[in-house]
Visitor: 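Got a structure here, written out as structure tokens. Questions coming.
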Amino acid sequence: MFFLACVMVHMTVVNCSSFCFILTGLLCRRKGRTPRRPKKPSNIEKDPVGVYCRIRPLGGEDEECCVEMISSSTIQLHAPDGLKANRNGEYKETQYCFKKVFGIKTTQIELFEDVAKPLIEDLIHCKNGLLFTYGVTGSGKTYTMTGSPGEGGLLPRSLDMLFNSIGPFQAKRFVFKPDEKNGIEVQNQVDALLERQKRDNQQSVPRTPSSRQRADPEFADMINPDQACKFEGVDEDCCYSVFVSYIEIYNNYIYDLLEDAPFDPVRPKPPQSKILREDQNHNMYVAGCTEVEVKSTEEAFEVFWKGQKKRRIANTELNRESSRSHSVFTVKLAQAPLDADGDHILQDKSQVNVSQLCLVDLAGSERTSRTRAEGSRLREAGNINQSLMTLRTCMEVLRENQMCGTNRMVPYRDSKVTHLFKNYFDGEGKVRMVVCVNPKAEDYEETLLVMRFAEMTQEVEVARPVDRPICGLTPGRRQRNQAFKDELSRRLEERGGPVNGDPIQLNQLIESLPPLPPCELSDPSDDQTLPRLMEVLERRYRIRQKMTEQFNQTANNMKYTLQQFESQFSSKENVLHDQRSKLGEKDKVIANQRTEIERLEKKSKTLEYKIDILQKTTEMYEQDKRSLQQELEGREQRLQKELAERRRMEQRMQGMVTDTKLKWERECERRVNAKQLELQNKLWVKDEKLKQLKAIVTENGGASGGPAEPPRKPERPSRERDRNIVEKRSASPTPLSTVPPVHPMHRRSHSAGGEKWVDHKPASNLDLDTVMQPIIPNAIKVSTPNEKALSKCHKYVLRHQELASDGEIETKLIKGNVFKTRGGGQAVEFTDIETLKQEDPTAPSRKRRSGSREGPAQTDDIENRPPVANISSSHGYQKRRRP
């Protein structure tokens, strides 16, 4: 029975292998070669870019908030109070809609479930994805992407879910190998083994981190084991391998953060920038970028942390650790189907599917007026803002081309960021953006620009990724192969030896039995064939009994021998037990020592990390110190210049005050003299009238009484005093000629221009029925000025009426410019005065003769007084008529 069972198992193995081989041949003849990826149809389905919003908590409870979450998909922005006061309340509350809004109490796992988890599922299904964070500086982009110990961000959770899903189905190292042209090659098991041995022997080459090493304490607790995610829809008939790369875009140059450049302490070399190239599928990639094959989450973390230490960060006024570059962490997943036996990978490059997920942490936009950046920081900020502006421009052109049907060229090449991700927007893949918002009032204007960009990005559509073609082999190959191996191992354990046996011994055993006679019955009355067959079977039965007796005897002998061996083995086992007890004690000592060594290593790593952080902090402080010293020196120089300028200004102001004082003294003296002259003229006129009246009375008396004396010619009052006064005012500029100035021509009002005026005419003014009236076009006429009227105009004029010295009404047009004040109100700066007068031509005029001696004084008076426009009047005095 034992030998028959061995023969049956052997036949089962042979038949299974033959069946798989035949099935493989049939499938190959029927299907032929696996078709390539089909071309894109003309009617490509598109999906909009998924935009999410995450609100960061405020730093303090007393800070003013300008962002309010209305619903799970809407936020509202309202301008802070200070900004409303400065801008006359022009800012209104605005609402913006997103695919989903995450409030200040949102955890990292909730964000990952909605944003990044579908991208990992698409990555396993051979679909590309792009996820990037966008926002102003200090809005929480790096925290959202990377996270902190205990609160892992999108990147660590994505890696953890990926390896939890494909962990049992990963290929061995170096089975998949990058071809340095953005493709993946498949190597056989022998070449992969040689690559591994070569890597182990070359100590100078940096090794890929091993998955059996203990995790670094800094990121070992990034993800809680209770929050681990796994995708159940993984194709078990494929083998997977993960490659990661990490680059940064600094000042529009690409640098590889995983490149191990030789360090020269004497003459250190700056890192070399990389260039972008296009592969055969028209996809952009970084030429010469380091791609590391990883087999676990811990390995990927260690690679990420290695590049993170090289990333450029700096201290600014708004963020203690501000990213000065755009970082791109690329996860590339290569997968290929198993062969028909389900044991090895198909050695066909066309069957290898490569998908990638780019996790981008964009540097925050910032205003130099707030960060006070100088030197290299100012250049970094300029390049960051320029690249983000290029991204906005590309989005605007894409939206215009899609909505309006235009064919404008999208300026991808203006920036390395947009050029690298060109194939995502022009090709296919899922694109998602997380907009990080800081709700504090100081970031309101920058947040407003970010919201507008996010609103525009949601209108851009990207081609929906298509499913990869299914391999033509039968599904479930890995499972059947594993089941066959398990069954074979189980039977080997039951039989205690190899199940296939020796074919020669089996054939000899079968030949030793009597041959069976012919068993064909030609006649129903045949009574010889059955007896012969019964006789042969009886002989075979007797031989089998003898073999059974021999087998039992041999088994008893073997049993006795085994008992002897067992007794010897028990004695040996006692000795081994004693040795094992001693070895166990030694193992405990070794385990304690290993635990202590691990504790010390962990402590050493922690101290090294702290030392690294302290060194960076020290460098930052030293750099801040140098920048502050330079700023202090600059401010001291500016202070000295301001003090010198202030002294010069004081001296200038003193001279201006002295000149103004002297000028006003002369003006007052001139006005006093003019008033005295006017009063003397009035007194002289009265004297003349009295003399005329006296002459008339005298004539009447002479006519009645006798001849009267001829009237005495009246004499004009003496001007000696006036001459003295004029001689005292000789300090003013002497006119070039003593001839009286000509009458000024009528000047048109300044209000005839194209500006808008506020015509302020008080209600107390009288309407003068004169032919010439001041007419101001484009004017708003008011009786009382108000802020509404002033805010709409640029000019202001006031009509002021007063009684002149000759008893007539004099109208003054006081004009000025209207401007806005810093407090939000309106102010008027007076610049000009026009005087409108009317005179009665029948009234006695006081114009002086051209030959009088007051000519110089009159010239000085006209020169120093402001310009006056007279209506129906003439300068000077009329000639006095003799009585």
Side-chain angles (χ1 to χ4, degrees), residues 148-150 152 156 159-160 162-164 166-175 189 192-228 230 241-242 244 258 260 292-309 485-486 489-490 492-493 496 565-615:
S148 61
L159 293 173
D160 186 64
L162 179 61
F163 285 105
N164 290 340
I166 67 170
F169 314 116
Q170 293 191 72
K172 294 183 180 180
R173 294 185 188 276
F174 299 108
V175 172
Q189 298 294 334
L193 180 60
L194 291 176
E195 288 281 349
R196 289 194 293 270
Q197 292 177 354
K198 182 179 179 181
R199 184 206 63 173
D200 293 337
N201 293 332
Q202 291 179 354
Q203 299 295 333
S204 60
V205 177
R207 296 186 179 184
T208 304
S210 175
S211 60
R212 290 189 289 264
Q213 295 178 356
R214 296 185 62 88
D216 195 294
E218 290 301 325
F219 51 76
D221 56 349
M222 289 285 284
I223 302 175
N224 192 351
D226 298 335
Q227 298 178 353
K230 183 178 179 181
S241 186
V242 180
V244 296
L258 303 181
D260 291 326
V292 182
E293 184 178 7
V294 291
K295 295 298 179 183
S296 65
T297 308
E298 290 76 14
E299 292 183 47
F301 263 127
E302 191 167 345
V303 173
F304 169 75
W305 197 255
K306 174 184 175 183
Q308 189 72 5
K309 292 180 179 179
K485 290 181 179 180
D486 294 342
S489 300
R490 186 182 65 80
L492 284 173
E493 291 178 359
F565 280 129
E566 187 175 0
S567 61
Q568 296 176 2
F569 179 74
S570 60
S571 61
K572 298 290 184 181
E573 190 174 2
N574 293 330
V575 177
L576 288 175
H577 182 69
D578 296 336
Q579 297 294 330
R580 285 175 181 171
S581 61
K582 295 179 181 178
L583 184 61
E585 294 177 357
K586 298 294 184 181
D587 289 338
K588 290 181 181 179
V589 175
I590 293 173
N592 294 333
Q593 292 179 354
R594 284 181 179 176
T595 305
E596 184 67 18
I597 290 172
E598 290 178 358
R599 188 184 65 82
L600 293 176
E601 288 179 352
K602 186 183 295 185
K603 186 176 180 180
S604 175
K605 287 184 178 180
T606 306
L607 292 176
E608 289 177 358
Y609 174 68
K610 291 182 178 179
I611 290 172
D612 189 13
I613 292 178
L614 290 175
Q615 288 178 352

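Please read all numbers here as calculations on a predicted model, not as lab measurements.
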Visitor: According to salt bridge (Lys or Arg N to Asp or Glu O under 4.0 Å), who are the partners of Glu195, at least two apart in sequence or on a separate chain?
Guide: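 Counting only residues at least two positions away or on another chain, Glu195 forms a salt bridge (Lys or Arg N to Asp or Glu O under 4.0 Å) with Lys177.
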
Visitor: Report the residues that fulfil side-chain contact (heavy atoms from CB on, under 4.5 Å) with Lys603, sequence neighbours left out, ordered by chain and then residue number.
Guide: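 Leu607.
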
Visitor: Taking side-chain contact (heavy atoms from CB on, under 4.5 Å) as the test, write out the residues that go with Ala300, two or more places apart.
Guide: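 Testing Ala300 for side-chain contact (heavy atoms from CB on, under 4.5 Å), a comparison that skips the adjacent residues, returns Leu159, Phe163, Val294.
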
Visitor: Compare every heavy atom of Lys306 with every heavy atom of Asp260, then report the nearest pair and how far apart it is.
Guide: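 Closest approach of Asp260 to Lys306, heavy atoms only: OD1-NZ, 2.8 Å.
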
Visitor: With sequence neighbours left out, write down each residue that passes side-chain hydrogen bond (donor to acceptor under 3.5 Å, both in side chains) with Glu596, or none if nothing qualifies.
Guide: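 Residues passing side-chain hydrogen bond (donor to acceptor under 3.5 Å, both in side chains) with Glu596: Arg599.
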
Visitor: Report the distance from atom OG of Ser296 to atom CG of Asp160, rounding to the nearest 0.5 Å.
Guide: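 Rounded to the nearest 0.5 Å, the OG-CG separation comes to 10.0 Å.
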
Visitor: Please list, chain by chain and in numerical order, all residues satisfying side-chain contact (heavy atoms from CB on, under 4.5 Å) with Leu583, sequence neighbours excluded.
Guide: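 For Leu583, the residues satisfying side-chain contact (heavy atoms from CB on, under 4.5 Å) (neighbours in sequence not counted) are Asp587.
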
Visitor: Could you tell me which residues satisfy side-chain contact (heavy atoms from CB on, under 4.5 Å) with Arg196, sequence neighbours excluded, listed by chain and number?
Guide: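 Scan of Arg196 (side-chain contact (heavy atoms from CB on, under 4.5 Å), adjacent residues dropped) gives Lys172, Arg173, Phe174, Ala192, Leu193.
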
Visitor: Does Thr595 use its side chain to pair, donor to acceptor, with the backbone of Ala591 at less than 3.5 Å?
Guide: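 Checking the backbone N and O of Ala591 against the side chain of Thr595, a donor-acceptor pair under 3.5 Å is found.
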
Visitor: How close do Ala228 and Asn164 get, counting heavy atoms only, and between which atoms?
Guide: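 Shortest heavy-atom separation between Ala228 and Asn164 comes out as CB-ND2, 3.8 Å.
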
Visitor: Does the side-chain contact (heavy atoms from CB on, under 4.5 Å) test come out yes or no for Leu194 and Lys198, once each step is laid out?
Guide: CA-CA 6 Å; Leu194 291 176; Lys198 182 179 179 181; over 6 Å; no

Visitor: Using 0.5 Å steps for rounding, measure from the OH atom of Tyr609 to the NZ atom of Lys309.
Guide: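 That separation rounds to 8.0 Å.
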
Visitor: Got a sec, which residues hit side-chain hydrogen bond (donor to acceptor under 3.5 Å, both in side chains) with Gln170, two or more places apart in sequence or on another chain?
Guide: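 None.
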
Visitor: Atom CD in Glu608, atom OG1 in Thr606: separation rounded to 0.5 Å?
Guide: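 Going from CD on Glu608 over to OG1 on Thr606, the span is 9.0 Å.
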
Visitor: List the atom pairs, with distances to 0.1 Å, where a side-chain N or O of residues 568-582 and a protein N or O form a donor-acceptor pair under 3.5 Å, not counting sequence neighbours.
Guide:
{"unit_1": "Ser570", "atom_1": "OG", "unit_2": "Glu566", "atom_2": "O", "d": "3.4"}
{"unit_1": "Ser570", "atom_1": "OG", "unit_2": "Ser567", "atom_2": "O", "d": "2.5"}
{"unit_1": "Ser571", "atom_1": "OG", "unit_2": "Gln568", "atom_2": "O", "d": "2.6"}
{"unit_1": "Asn574", "atom_1": "ND2", "unit_2": "Ser570", "atom_2": "O", "d": "3.2"}
{"unit_1": "Ser581", "atom_1": "OG", "unit_2": "His577", "atom_2": "O", "d": "3.4"}
{"unit_1": "Ser581", "atom_1": "OG", "unit_2": "Asp578", "atom_2": "O", "d": "2.5"}

